[in-house]
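The next block holds one structure in the form of structure tokens; read it before the comments.
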Amino acid sequence: MPMHPDVEKILIDEKTLDEITTRLAGEIDRDYANAEGRVVLVCILKGSIMFMSDLMKKVTVPVEIDCMKVSSYGAGTASSGMVHIYLDLLRADIAECNLLIIEDIVDSGNTLNYLVKYLKGKGAKSVKTCTLLDKPSRRTAPFVPDYIGCEIPDEFVIGYGLDYDEKYRALPYVGVLKRSVYEQ
Ligand code: IMP
Ligand code: MG
């Protein structure tokens, strides 16, 4: 497939993404094999939909799925560390649920740091996190995901669900966005 003209370079190609989701599914299977209660994969909309759909096909322990839609306040500026929840988990049985949050990318760490505390506060049996991409050099909140697909350098990436201004989500690979697209 030809590279999108706004993409500087492909960082993770389709074959590598396939290998990453296979490895992560294996780790999840191993760790949740004897889980008591329900196991729920929680897709964080919209960036995680492609990662979630590939990952859930490969996980063999019985799982349920759910979705949340969240957004950091002041995206693009200094983040306050607060997160706005647009779509919450609406489950009466949360005390029976082992939640595994499926996220596209951890940058400052604010979103998942907040979300883990929020869901534990709602009484979930357990809360863990799985991110496709991790930019550890950007962390402002001390947050370490439980499952990491790939560590990446501090570059703005798009594709495989990730967007810039809602564009590029449908690209089947993760690419670095050309600076000329967002720097005028
Ligand atoms: P955090 O709260 O700073 O960890 O922000 C995580 C969120 O920022 C992700 O879920 C993405 O929506 C967004 N984000 C951070 N880095 C990138 C990137 O390189 N490309 C696209 N979205 C990004
Ligand atoms: Mg996101």
Side-chain angles (χ1 to χ4, degrees), residues 1 10-71 83 85-107 109 111-136 139 143-152 157-163 168-175:
M1 158 185 255
I10 293 177
L11 202 60
I12 313 178
D13 63 19
E14 289 184 68
K15 181 171 172 290
T16 309
L17 286 164
D18 186 58
E19 289 165 3
I20 288 171
T21 50
T22 299
R23 172 177 58 79
L24 290 173
E27 293 175 17
I28 292 165
D29 279 345
R30 180 197 64 204
D31 294 352
Y32 286 88
N34 300 311
E36 284 175 24
R38 302 165 186 269
V39 178
V40 184
L41 305 181
V42 181
C43 177
I44 306 303
L45 300 174
K46 296 178 257 188
S48 305
I49 54 166
M50 220 182 270
F51 176 42
M52 172 82 164
S53 59
D54 282 346
L55 186 67
M56 64 192 268
K57 282 183 275 190
K58 296 178 178 179
V59 170
T60 64
V61 294
V63 293
E64 301 173 28
I65 65 165
D66 225 314
C67 295
M68 292 182 77
K69 191 167 193 306
V70 303
S71 174
V83 173
I85 296 178
Y86 293 95
L87 172 67
D88 204 345
L89 280 190
L90 301 170
R91 307 186 64 119
D93 62 351
I94 195 148
E96 297 167 34
C97 294
N98 298 285
L99 304 178
L100 179 56
I101 302 171
I102 309 298
E103 176 65 303
D104 51 0
I105 185 165
V106 182
D107 187 49
T111 305
L112 287 191
N113 198 37
Y114 177 87
L115 217 48
V116 168
K117 286 185 191 140
Y118 175 77
L119 292 169
K120 282 184 176 164
K122 279 174 81 112
K125 197 173 177 68
S126 70
V127 183
K128 295 217 284 182
T129 57
C130 174
T131 187
L132 173 67
L133 305 174
D134 189 12
K135 284 186 195 171
R139 219 56 113 245
F143 182 81
V144 182
D146 296 289
Y147 304 92
I148 299 170
C150 188
E151 282 192 7
I152 62 167
V157 292
I158 44 86
Y160 199 68
L162 291 117
D163 75 307
Y168 315 110
R169 290 192 196 276
L171 296 177
Y173 51 80
V174 175

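Everything numeric in this text was worked out from a predicted model, so none of it was measured.
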Using only atom types and a distance under 3.5 Å, with no angle test, would you say the side chain of [X] pairs donor to acceptor with the backbone of [Y]?
X	Y	value
T16	I12	no
K128	N98	no
D29	T60	yes
D107	K135	no
S48	L45	no

Between [X] and [Y], what is the shortest heavy-atom contact and its length?
X	Y	value
E19	K15	OE2-NZ, 2.8 Å
R38	R91	CD-NH2, 3.9 Å
L24	G149	CD1-CA, 3.8 Å
G47	D104	CA-OD2, 3.3 Å
D93	C97	O-SG, 3.4 Å
V70	L115	CG1-CD1, 4.0 Å

Separation between [atom1] of [X] and [atom2] of [Y], rounded to the nearest 0.5 Å:
X	Y	atom1	atom2	answer
F51	T21	CZ	OG1	7.5 Å
L100	D66	CG	CG	12.5 Å
Y160	I49	OH	CD1	10.5 Å
M68	C43	CE	SG	11.5 Å
Y173	I10	OH	CD1	5.0 Å
I102	S53	CD1	OG	11.5 Å

>> Test of understanding: with side chain to side chain donor-acceptor pair (under 3.5 Å), list the residues that count as partners of E151, not counting sequence neighbours.
In response: none
> When you look at T129 and V106, which way does the side-chain contact (heavy atoms from CB on, under 4.5 Å) test go after all the steps?
Replying inline: CA-CA 10 Å; T129 57; V106 182; over 6 Å; no
>> Taking salt bridge (charged side-chain N to carboxylate O under 4.0 Å, His left out) as the definition, give me every residue that meets it alongside K122, ordered by chain and number, with sequence neighbours left out.
In response: D88
> Sequence neighbours excluded, which residues qualify as salt bridge (charged side-chain N to carboxylate O under 4.0 Å, His left out) partners of D163?
Replying inline: R169
Close side-chain approach of [X] and [Y], heavy atoms under 4.5 Å:
X	Y	answer
L55	I28	yes
D146	D31	no
L89	Y118	no
K120	V116	yes

>> Apply side-chain contact (heavy atoms from CB on, under 4.5 Å) to residues Y32 and V59 and explain how you reach the verdict.
In response: CA-CA 10 Å; Y32 286 88; V59 170; over 6 Å; no
>> Before you tell me yes or no, could you show the steps for I152 and I105 under side-chain contact (heavy atoms from CB on, under 4.5 Å), namely the whole-Å CA-CA distance, both residues' side-chain angles and the distance that decides it to 0.1 Å?
In response: CA-CA 10 Å; I152 62 167; I105 185 165; 4.0 Å; yes
> Is a salt bridge present between D134 and R139, judged by a nitrogen-to-oxygen distance below 4.0 Å?
Replying inline: yes
> Name the one of T131, L133, I20, L132 that satisfies side chain to side chain contact (heavy atoms under 4.5 Å, CB included) with I148?
Replying inline: T131
>> I'd like to know whether K69 forms a side-chain contact (heavy atoms from CB on, under 4.5 Å) with K46, so could you lay out the CA-CA distance, the side-chain angles of the two residues, the decisive distance to 0.1 Å, and finally the verdict.
In response: CA-CA 7 Å; K69 191 167 193 306; K46 296 178 257 188; 4.2 Å; yes
